[in-house]
There are 2 protein chains.
Amino acid sequence: MITIYDIAEKAGVSAMTVSRVINNTGRISEATRKRVRKVMEELHYIPNSMARSLVLQKTHILSLLITDITNPFYTTIARGAEDAAKRSGFRLLFGNSDEDYAKEKDYVDMILSTRVDGVLFAPTGDHSLEHLQQLQKHNIPFVVLDREVPGIEADVVLGDSKEGARKLVEHLIGIGHRRIALINGSQDVSTARLRHLGYREAHTLNGLPIDDSLIIHVNYRDFHDESALEALLQHPSPPTAIFAANNMLAVGVIKSLRQRGLQVPQDISVVCFDDFVHAEAINPFLTVAAQPAYQFGSLGMQLLIERIESEPARENRKLILPSELLIRASSQALVRA
Amino acid sequence: MITIYDIAEKAGVSAMTVSRVINNTGRISEATRKRVRKVMEELHYIPNSMARSLVLQKTHILSLLITDITNPFYTTIARGAEDAAKRSGFRLLFGNSDEDYAKEKDYVDMILSTRVDGVLFAPTGDHSLEHLQQLQKHNIPFVVLDREVPGIEADVVLGDSKEGARKLVEHLIGIGHRRIALINGSQDVSTARLRHLGYREAHTLNGLPIDDSLIIHVNYRDFHDESALEALLQHPSPPTAIFAANNMLAVGVIKSLRQRGLQVPQDISVVCFDDFVHAEAINPFLTVAAQPAYQFGSLGMQLLIERIESEPARENRKLILPSELLIRASSQALVRA
DNA sequence: CTGTTAGCGCCTTCAT
DNA sequence: ATGAAGGCGCTAACAG
């Protein structure tokens with residue numbers, strides 16, 4: 001491996017001079033600077049970032065931890081985060097917890113031993129508290145993404161889950177639906193709690209009763225699980241519309257409905273949170289509360305970088321990004337029997 | 001920051017002993033081992049992997065470079081790669097080149113300075129040769145993924161682009177189509193060249209003429225570009241079926257067709273490479289040549305890890321993973337006019 | 001079974 | 001404008 005000493009020797013200077021050339025620090029005569037640069041190129045020298053990290057106590061690596069790499073919402077976040085990190089010259093250590101607490105723990109250990117400069121952290125749920133506290137204990141700056149964790153004070157970037165849910169359900173109510181099912185994520189996750197609240201609020205505001213037997217909690221990644229839908233369809237007084245708490249669940253629902261020969265929206269309406277590119281090719285073209293996923297990632301990363309680079313500890317910031325109700329073909333006015 | 005010296009002092013041993021406890025090397029009495037471990041826990045000690053990397057000349061970091069993080073094919077690869085890396089205790093430095101040569105170059109520089117132990121590399125195209133050669137020059141092991149690069153000898157994991165394309169087109173021919181368009185990626189990319197070849201082969205084998213005006217080259221990520229489709233629809237003798245070279249292009253095609261009021265498959269059939277979860281919810285349920293994306297990632301990562309860990313340089317290996325023709329609703333027998 | 005010494009590649013500090 | 005010494009946190013090699 002080529003080191004600054006190899007360069008120094010060949011250029012007839014000291015290693016320190018080479019270091020100065022690399023980092024553009026100190027005063028170096030133009031002549032030596034050129035000579036050193038030339039040798040560096042000849043020898044294909046690449047600085048060793050590990051050695052540099054060790055002495056600088058900065059890795060220039062940020063970590064992004066998401067909960068589901070197969071979900072377009074999160075991959076779009078990843079794209080935003082990656083672009084932002086790259087713009088500021090940070091490398092990205094990537095992690096996918098698969099909504100799994102144990103995997104999340106492994107990643108936190110990795111993050112800790114890697115001494116990353118900061119973490120953009122989408123928690124699997126409230127129990128992620130422990131992991132976040134671990135980061136705090138080791139003074140690793142982080143920004144919480146997408147889901148709030150009670151007990152943690154930190155920068156956070158969120159969607160407006162309650163509002164979005166309310167808008168979706170009010171849309172359904174507005175077009176005549178009265179029996180609306182909710183297929184939701186685990187109540188251990190803040191977004192699921194808030195979407196549930198929004199769902200209830202929409203009912204209450206419109207003077208409608210809430211039938212708890214129409215509310216089902218699964219895991220955000222359990223989109224293959226048909227038992228939830230099955231239960232709803234077997235219901236003595238089945239729903240005329242389904243609100244799936246995220247896009248993956250919605251796709252699962254539509255698939256299952258199709259397998260049972262049920263048409264959306266003719267037989268039943270379906271709406272969900274989170275848009276995705278392929279939604280536009282899906283039939284029925286889904287009605288969604290679209291969240292600005294890319295911004296989740298890029299703004300989150302920006303907050304993180306600012307926090308790292310701003311010396312005097314800033315106050316915590318909370319960004320709530322609005323969702324947009326996109327009414328499309330999967331929800332249809334209820335034809336009264 | 002807590003170091004082994006802090007541990008050593010508090011436990012009344014030397015730093016070396018602590019190091020031995022951490023790494024389970026050498027002979028340590030059970031008593032001291034326990035004492036050391038206890039102190040480590042008390043002080044919440046986490047080994048500094050940078051320092052370790054520096055002395056061991058191994059980072060235990062692998063890099064995965066993909067070309068499109070918004071494409072489910074690649075995110076599924078990422079998932080497979082990540083799982084495999086994790087199983088072997090490697091960290092994953094993640095990169096997304098966006099099918100962009102310049103971004104790819106940036107990532108190669110990052111990879112080089114990070115001194116990763118190896119790279120799983122999905123090249124943007126033939127011109128990636130330069131980047132791969134750079135890795136070779138610096139003795140960084142890599143496995144080429146998804147796309148072959150002429151001039152590079154290395155382990156490689158590929159799909160059977162030609163075969164898959166041939167099967168798709170023969171399926172279309174088999175149900176009566178004679179004018180089949182190809183919306184393909186750039187000819188600078190091996191998969192696009194092979195899919196083109198498969199397309200031609202299917203025609204030749206079936207004694208059909210090839211109309212080059214039905215073959216259009218775009219970029220795999222240009223799924224928003226409607227000009228290709230526009231040209232095909234304006235054709236004096238328009239196609240009755242479209243073979244989109246990947247899933248993203250297919251989704252773009254279906255969207256555009258819908259906007260023009262054309263029905264798939266009634267008005268025109270569409271088939272493509274690469275399946276994706278959401279395909280099953282799409283209407284029309286796409287006919288695809290499904291590739292085992294997860295295996296691309298996990299097998300690729302396995303090859304990489306084996307190459308890193310096997311001392312005597314093994315021969316290069318070439319894995320070709322078959323695709324599966326899934327005939328679904330988007331392709332329909334041609335009704336002769 | 002445990003400790004000492006030296007050095008991984010780089011940069012900070014202090015000299016010159 | 002440049003160099004020498006020392007140290008970041010860790011471990012290999014050798015000593016005892």
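All chains are named by letter (A, B, ...) in the order of the sequence lines, taking the proteins before the strands, and each is independently numbered beginning at 1. Please read these numbers as outputs of a predicted model, since none were measured by experiment.
With salt bridges taken as basic N to acidic carboxylate O contacts below 4.0 Å, none links B:Glu82 and B:Arg79. Taking 4.0 Å as the cut-off between side-chain N and carboxylate O, B:Asp117 and B:Lys58 do not count as a salt-bridged pair. Ion pairing of B:Asp100 with B:Arg221 is absent here, as no side-chain N (NZ or NE/NH1/NH2) approaches a carboxylate O to less than 4.0 Å.
With rounding to whole Å, A:Asp6 atom CG is found 9 Å from C:dC10 atom P. A straight line from CD of B:Glu30 to P of C:dC1 spans 10 Å, rounded to a whole angstrom. One interatomic measurement links the two molecules: CD1 of A:Ile2 to C1' of C:dC10, which rounds to 16 Å at whole-angstrom precision. We find that CZ of A:Arg20 is positioned 11 Å from C1' of D:dA4, with the value rounded to whole Å. Atom C1' of nucleotide C:dT4 and atom CD1 of B:Ile4 are separated by 13 Å, given to the nearest angstrom. Rounded to whole Å, the distance from CD1 on A:Ile22 to P on C:dG9 is 13 Å. Taking atom CG on B:Asn24 and atom P on D:dA12, their separation rounds to 13 Å, with Å as the unit. When the P atom of C:dC10 is taken as reference, atom CD1 of A:Ile46 falls 11 Å away, rounded to whole Å.
Between C:dC1 and B:Ser29, no contact under 4.0 Å exists linking OP1 or OP2 to a side-chain N or O. Under 4.0 angstrom from either OP1 or OP2 of C:dC11 there lies no side-chain N or O belonging to A:Gln57. A:Arg27 has a side-chain polar atom (N or O) that falls below the 4.0 Å cut-off from OP1 or OP2 of D:dA1. Between B:Asn48 and D:dC8 there is no side-chain N or O to OP1 or OP2 distance below 4.0 Å. In this structure, A:Thr3 does not reach the C:dC8 phosphate: none of its side-chain N or O atoms is under 4.0 Å from OP1 or OP2. Regarding contacts with the backbone of C:dG9, every side-chain N or O of A:Arg52 stays at 4.0 angstrom or more from both OP1 and OP2. Side-chain nitrogen and oxygen atoms of A:Ser19 include at least one within less than 4.0 Å of the OP1 or OP2 phosphate oxygen of C:dC11. Taking side-chain N and O atoms only, A:Thr32 has a distance below 4.0 Å to OP1 or OP2 of D:dT2.
Nearest-nucleotide positions on DNA chain C place B:Tyr5 closer to the 5' end than the other of B:Tyr5 and A:Leu54.
Within the cation-pi definition used here (under 6.0 Å to the ring centroid, within 45° of the axis), B:Lys10 does not qualify as a partner of B:Tyr5.
Using a 4.0 Å heavy-atom distance criterion, A:Met50 is classed as making no nucleic acid contact. Among the protein residues, A:Leu56 comes within range of the sugar-phosphate backbone only, with heavy atoms under 4.0 Å from sugar or phosphate atoms but none that close to a base.
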Below 3.5 Å, can you tabulate the donor-acceptor pairs from side chains in residues 135-153 of chain B to any protein atom, sequence neighbours excluded?
from	atom 1	to	atom 2	distance (Å)
B:Asp146	OD2	B:Tyr74	OH	2.7
B:Arg147	NH1	B:Glu99	OE1	3.0
B:Arg147	NH1	B:Pro123	O	3.1
B:Arg147	NH1	B:Thr124	O	3.2
B:Arg147	NH2	B:Tyr74	OH	3.3
B:Arg147	NH2	B:Glu99	OE2	2.8
B:Glu148	OE2	B:Lys318	NZ	2.8

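The main-chain N or O of A:Ile305 is never found under 3.5 Å from a side-chain atom of A:Ser88 such that the two would form a donor-acceptor pair.
For A:Met16, counting side-chain heavy atoms from C-beta on, the closest listed nucleotide (D:dG9, D:dA13, D:dG3) is D:dG3. When distances are taken from the side chain of B:Ile28 to each of D:dG9, C:dT2, D:dG3, the shortest belongs to C:dT2.
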